Colleague: 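Here's a structure for you.
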Amino acid sequence: MAAVVGTWAFSMAAVEKARRLLEIQTTSQQSTSQGHSQTERIQDDPELENDKETGCFVVGRGGFPNKAGVVQCDAAIMEGLPGRFGAVAALPGVGTPLTVAQMVMDKSEHNMLVGEGAVAFAKEQGFRIEDNSDMMTEASLAAYEEFLQSLKSPPKNHDTLGLIVLDEMENITVGVSTSGAPFKDPGRVGDSPLPGCGLYADNRARAAAATGDGDKIMCFCPSFHVVQLMKQGLSPGDACQSVIQDICHRVGNKDIFEIGLIALNMKGEVGAASTVPFPYTFWAQGMETVEQRQSCPYVHLD
Ligand code: GLY
């Protein structure tokens, strides 16, 4: 059973592309090919991170800059196979940070590289480090200037592009990419590149990804928690809902924060839960089109 799920409505294009790649492989019986890993399929669609208009302000090129005006991105990828993980954090100047994260997974002896070290590694791998001005759009520059003038609290949207792909061979891979908290302190790292927080995958084909306020999310390891609950037999939807309920219960209504979770299991079943209205996109073998679905915010009664 092949299936793909993505966070937010803007993941539609990535889910559509992953679906096409999975379908080609299905029809040409290439799914046995060892060489064409699931990771490569996710990486086949770096355009979304690199598109100034997609995931406006929150992902890759065109994302909100930090307080110093620099776009610094976090991205990570995890395969279901144990020990297959790669991440970059606070990486400037690269429009496709998830591709660099994949290189870390495939080529580095380490699993996570940050800041200058991530830049040096990206250069070694042949990436061009672009001027920050090329990472900005007119809109993100205007938002930054307004932030500097008003010194208002930054907007709360920390949206992350998260994508989980399951192929017919029951390989599962999850990837996340974000420019992080708007106008964050330079060097700030969110939940996205932290395994168990922004993403988690298990070799028995279950995975989860998170989006929302990474400074809060990283205190709860929600992606790991969702996967553990699925291992114990919960459906993806029930596992996501249970983790959101647990977090709400622990922090209480007053301190609840933005979080959305998606999950996929080896049957190609999908689930999501959130504390905010949370659209996500989904396709599974047998469905004619990619669907946009909506997770309604969980309301906790203290
Ligand atoms: N969830 C993205 C971030 O807060 O960095």
Side-chain angles (χ1 to χ4, degrees), residues 5-11 14 48-49 54-68 70-78 87-92 94 96-98 100-101 112-115 118 135 140 143-144 147 153-164 174-200 207-226 240 243-244 247 251 255-263 272-280 295 297:
V5 56
T7 52
W8 304 108
F10 65 73
S11 66
L48 207 63
E49 294 171 291
T54 328
C56 190
F57 295 147
V58 290
V59 177
R61 192 185 301 280
F64 280 119
N66 63 19
K67 265 185 193 155
V70 179
V71 179
Q72 285 186 326
C73 294
D74 299 342
I77 188 157
M78 189 168 199
V88 288
L91 172 67
V94 179
T96 56
L98 187 56
V100 186
M112 184 184 294
L113 295 171
V114 307
M135 296 291 290
S140 64
Y144 177 61
F147 163 73
S153 314
K156 275 288 175 193
N157 48 330
H158 297 227
D159 308 344
T160 302
L161 170 63
L163 205 62
I164 309 174
V174 53
V176 292
S177 179
T178 182
S179 50
F183 317 125
K184 58 193 177 185
D185 284 350
R188 177 265 189 192
V189 175
D191 62 305
S192 299
L194 305 181
C197 297
L199 73 171
Y200 200 74
T211 178
D213 184 345
D215 292 298
K216 301 278 173 31
I217 290 172
M218 68 168 72
C219 303
F220 297 91
C221 289
S223 296
F224 180 74
H225 194 175
V226 167
C240 290
V243 170
I244 294 286
I247 293 171
V251 302
D255 294 317
I256 201 61
F257 54 89
E258 180 187 307
I259 175 170
L261 297 171
I262 53 169
S274 55
T275 57
V276 292
F278 174 45
Y280 61 100
S295 157

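As the structure is a computational prediction, the values presented were derived from the model and not from experiment. Counting convention: from 1, in listed order, for ligands and their atoms alike.
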Colleague: Quick one: does ligand 1 sit under 4.0 Å from the side chain of Arg188, the backbone, both or neither, non-hydrogen atoms only?
Modeller: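 Near ligand 1, Arg188 shows its side chain, while the N, CA, C and O stay back.
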
Colleague: Report yes if some N/O of Asp213 lies less than 3.5 Å from some N/O of ligand 1; otherwise report no.
Modeller: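 No, since none of the N or O atoms of Asp213 sits under 3.5 Å from an N or O of ligand 1.
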
Colleague: Do Ser295 and Ser274 have side-chain atoms, one donor and one acceptor, less than 3.5 Å apart?
Modeller: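 Side chains of Ser295 and Ser274: pair found under 3.5 Å.
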
Colleague: Should you measure from each heavy atom of Thr160, which atoms of ligand 1 turn up under 4.0 Å away?
Modeller: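 Those qualifying, in numeric order: 1 (N), 2 (C).
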
Colleague: Give the ring-plane orientation class for Phe183 versus Phe147, where under 30° counts as parallel, over 60° as perpendicular and anything between as tilted.
Modeller: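 It falls in the parallel class, under 30°.
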
Colleague: Identify which one of Ser223, Ser192, Pro222 satisfies the side chain to side chain contact (heavy atoms under 4.5 Å, CB included) criterion when paired with Ile217.
Modeller: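 Of all the options given, the one that passes is Pro222.
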
Colleague: With sequence neighbours left out, write down each residue that passes side-chain hydrogen bond (donor to acceptor under 3.5 Å, both in side chains) with Thr275, or none if nothing qualifies.
Modeller: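 With sequence neighbours excluded, Thr275 shows a side-chain hydrogen bond (donor to acceptor under 3.5 Å, both in side chains) to no residue whatsoever.
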
Colleague: Answer yes or no: is there an ion pair linking Asp215 with Arg188, defined by an N-O contact shorter than 4.0 Å?
Modeller: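 Salt bridge between Asp215 and Arg188, a charged N being under 4.0 Å from a carboxylate O: yes.
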
Colleague: Run the numbers for me: atoms of ligand 1, each under 4.0 Å from some heavy atom of Gly190, listed by number.
Modeller: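 Counting from 1, the qualifying ligand atoms are 5 (O).
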
Colleague: Below 3.5 Å, N or O to N or O, backbone or side chain included: is there any such pair between Asp191 and ligand 1?
Modeller: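 Between Asp191 and ligand 1 (N or O atoms, distance only) the closest approach is under 3.5 Å.
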
Colleague: Which ligand 1 atoms does Gly212 reach within 4.0 Å, using its non-hydrogen atoms?
Modeller: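 So the answer, numbered in order with elements, is 1 (N), 2 (C), 3 (C), 4 (O).
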
Colleague: Do you know which two heavy atoms are closest between Lys184 and Asn66, and how far apart they sit?
Modeller: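 Smallest interatomic distance, heavy atoms only, reads O-CB, 3.1 Å.
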
Colleague: Does any N or O atom in Gly214 lie less than 3.5 angstrom from one in ligand 1, N or O only?
Modeller: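 For ligand 1, there is an N or O atom that lies under 3.5 Å from one belonging to Gly214.
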
Colleague: Need the ligand 1 atom indices (1-based, order shown) with element for anything under 4.0 Å from a heavy-atom of Ser192.
Modeller: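 Those atoms are 1 (N), 2 (C).
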
